[in-house]
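Structure record follows, encoded as structure tokens.
Along the sequence shown, the residues carry numbers beginning at 1.
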Amino acid sequence: MEPVLIVLVVLVVVAFIALIKTIQVIPQASAAIVERFGRYTRTLNAGLNIVVPFIDRVRNRIDLREQVVPFPPQPVITQDNLVVNIDTVIYYQVTDARAATYEVASYIQAIEQLTVTTLRNIIGSMDLESTLTSREVINAGLRGVLDEATGKWGIRVNRVELKAIEPPTSIQDSMEKQMRAERDKRAAILTAEGNRQSQILRAEGEKQAEVLKAEGEAQAAVLRADGEAAAIRTVFEAIHEGDADQKLLAYQYLQTLPELAKGDSNKLWIIPSEVGDALKGLGGAFTGLTGGANGSAVAAPTAAPAAPPAATQVPIDPAAGPRPLDTDTKGSARPRIDPLREYRKNDPEQ
């Protein structure tokens with residue numbers, strides 16, 4: 001009984017192992033290669049699959065999702081003999097599990113080496129400045145070469161990106177100095193443009209202010225002239241309506257003369273020749289009024305007195321004011337006579 005039991009146990013274990021090897025569960029987005037006696041038989045897709053135990057062998061499982069593989073920095077020489085370090089990132093996806101298994105030993109290593117050689121060919125035909133500013137061109141060139149070469153491997157390269165381009169330290173310092181100089185230049189240009197615009201705006205504002213000021217002064221002058229003209233017209237009409245005689249005009253003329261002597265800068269007073277005529281007319285008026293009050297007629301002089309000189313220069317002391325007109329030629333003071341007061345006192349109608 002015991003040997004039979006041992007045989008049964010062995011058979012059960014073998015059956016269990018065979019069952020496990022017969023049923024193969026493949027996850028989603030994965031594939032498995034089946035070999036029978038070392039030869040490719042078929043590809044197992046996602047789901048439940050049945051294989052012949054101990055005859056069929058699952059070699060490896062391949063992930064069909066898109067993969068991202070970063071490659072370490074690679075030194076590349078540019079056209080102008082400068083060494084730059086370039087980091088690349090590859091986005092690929094396995095489309096044929098059989099080709100990826102049997103057409104290339106290690107597709108990851110193959111893609112890396114192909115990327116390095118292609119990158120050196122592309123960068124070798126470009127200078128440093130073009131390399132730094134033409135990432136899209138380099139990416140497109142790399143993707144085209146890699147996609148064509150990896151197609152027979154059952155791999156599709158979706159994207160190739162340059163993660164970093166590092167020029168030598170000396171070149172970086174020179175580039176920083178150049179960029180700093182360019183920024184300073186642009187700042188100086190912008191400052192000059194701002195000063196120019198501000199000066200133009202200031203000049204335009206001053207011009208407009210001067211124009212408005214001139215227009216205001218012109219309008220003010222016109223208004224002043226109109227006012228003076230209206231005042232002169234009003235005075236002229238009032239004089240004509242009042243029928244002023246020669247005596248009143250002579251008195252007003254005499255009242256205006258002291259205004260000529262006002263001011264600290266007046267050192268010499270010029271008496272016009274019309275003063276004699278005014279004094280003569282005013283004196284005649286006072287003589288007529290005095291004779292009429294005493295009741296006796298005064299005979300008119302047979303000859304007119306001699307006319308005064310054209311102009312008499314009288315020195316003026318700025319501190320003392322002008323010399324009074326009622327002082328005789330010898331300097332002796334006479335009592336000042338107010339002509340208007342005498343005129344009103346002697347006029348019987350006042």
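Hydrophobic clustering of Ile, Leu, Val, Met, Phe, Trp and Tyr side chains at less than 4.5 Å, counting indirect connections, unites Ile138 with Phe71. There is no path of hydrophobic side-chain contacts, each under 4.5 Å, that joins Ile90 to Val145. Hydrophobic cluster membership is shared by Leu142 and Val69, with clusters built from Ile, Leu, Val, Met, Phe, Trp and Tyr side chains linked at under 4.5 angstrom. No single ILVMFWY cluster, assembled from side-chain heavy atoms under 4.5 Å apart, contains both Ile111 and Val89. The same ILVMFWY cluster, assembled from side-chain heavy atoms under 4.5 Å apart, contains both Ile108 and Val160.
The salt bridge (Lys or Arg N to Asp or Glu O under 4.0 Å) contacts involving residues 211-227 comprise nothing, where partners must be two or more places apart or lie in separate chains. Among residue pairs with one or both ends in residues 95-124, none qualify as salt bridge (Lys or Arg N to Asp or Glu O under 4.0 Å); sequence neighbours excluded. Identified under the salt bridge (Lys or Arg N to Asp or Glu O under 4.0 Å) test for residues 155-177, with sequence neighbours left out: Arg159-Glu161.
Minimum heavy-atom separation, Ala97 to Ala31: CB-CB, 4.0 Å. A pairwise comparison of heavy atoms in Pro167 and Ile165 identifies CD-O, 3.4 Å as the closest pair. Between Ala100 and Tyr107 the shortest heavy-atom distance is O-CD2, 3.8 Å.
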Task: Working for side-chain contact (heavy atoms from CB on, under 4.5 Å), residues Thr150 and Tyr92 - done: CA-CA 10 Å; Thr150 58; Tyr92 72 95; over 6 Å; no
TODO: Determine, stepwise, if the pair Glu210 / Gln208 fulfils side-chain contact (heavy atoms from CB on, under 4.5 Å).
DONE: CA-CA 5 Å; Glu210 291 294 335; Gln208 294 180 3; over 6 Å; no
Task: Verdict with reasoning, Asn158 to Gln93, per side-chain contact (heavy atoms from CB on, under 4.5 Å) - done: CA-CA 7 Å; Asn158 296 326; Gln93 184 177 8; 4.0 Å; yes
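Here Leu212 contributes atom CG and Lys207 contributes atom NZ; the two are 11.5 Å apart, rounded to the nearest 0.5 Å. Between Tyr91 atom OH and Leu146 atom CG the span is 14.5 Å, to the nearest 0.5 Å. To the nearest 0.5 Å, the span separating CG on Asp184 from CE on Met179 amounts to 11.0 Å. With rounding to the nearest 0.5 Å, the separation of CG in Asn60 from CD1 in Ile62 is 4.5 Å. Here Leu119 contributes atom CG and Thr88 contributes atom OG1; the two are 6.5 Å apart, rounded to the nearest 0.5 Å. Atom CG of residue Leu64 and atom CG of residue Asn45 lie 8.5 Å apart, to the nearest 0.5 angstrom.
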Expected list for residues 123-135: side-chain donor-acceptor pairs under 3.5 angstrom, two or more places apart:
residue : atom : partner : partner atom : Å
Ser125  : OG   : Ile122  : O            : 2.8
Asp127  : OD1  : Ser130  : N            : 2.9
Asp127  : OD1  : Ser130  : OG           : 2.5
Thr131  : OG1  : Asp127  : O            : 2.7
Thr133  : OG1  : Glu129  : O            : 2.8
Ser134  : OG   : Ser130  : O            : 2.8
Arg135  : NH1  : Leu162  : O            : 3.3

Quick one: side chains of residues 185-199, donor-acceptor pairs under 3.5 Å with protein atoms, not counting sequence neighbours, listed by atom name and distance.
residue : atom : partner : partner atom : Å
Thr191  : OG1  : Ala187  : O            : 2.7
Asn195  : ND2  : Thr191  : O            : 3.3
Ser198  : OG   : Gly194  : O            : 3.2
Ser198  : OG   : Asn195  : O            : 2.6

Side-chain donor-acceptor pairs under 3.5 Å in residues 16-26, sequence neighbours left out?
residue : atom : partner : partner atom : Å
Thr22   : OG1  : Ala18   : O            : 2.5
Gln24   : OE1  : Arg61   : NH2          : 3.3
Gln24   : NE2  : Lys21   : O            : 3.4

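Partners of Tyr40 by ring-ring contact (aromatic ring centres under 6.0 Å, His included), not counting sequence neighbours, listed by chain and number: Tyr102. Applying the salt bridge (charged side-chain N to carboxylate O under 4.0 Å, His left out) test to Arg39 and every residue at least two apart in sequence or in another chain returns nothing. Qualifying ring-ring contact (aromatic ring centres under 6.0 Å, His included) partners for Phe54, counting only residues two or more places apart in sequence or in other chains: none. Checked against salt bridge (charged side-chain N to carboxylate O under 4.0 Å, His left out), Asp56 has the following partners two or more places apart in sequence or in another chain: Arg36. Residues satisfying the side chain to side chain donor-acceptor pair (under 3.5 Å) criterion with Thr78, sequence neighbours excluded, are Asp80.
Side chain of Asp87 to backbone of Asn85: no donor-acceptor contact under 3.5 angstrom is found. With hydrogens and angles ignored, the 3.5 Å screen pairs a side-chain donor or acceptor of Thr117 with a backbone N or O of Leu114.
At a threshold of 4.5 Å between non-hydrogen side-chain atoms, the residues Val51 and Leu44 count as touching.
With side-chain heavy atoms closer than 4.5 Å counting as contact, directly or through intermediates, the hydrophobic cluster containing Val83 also holds Ile77.
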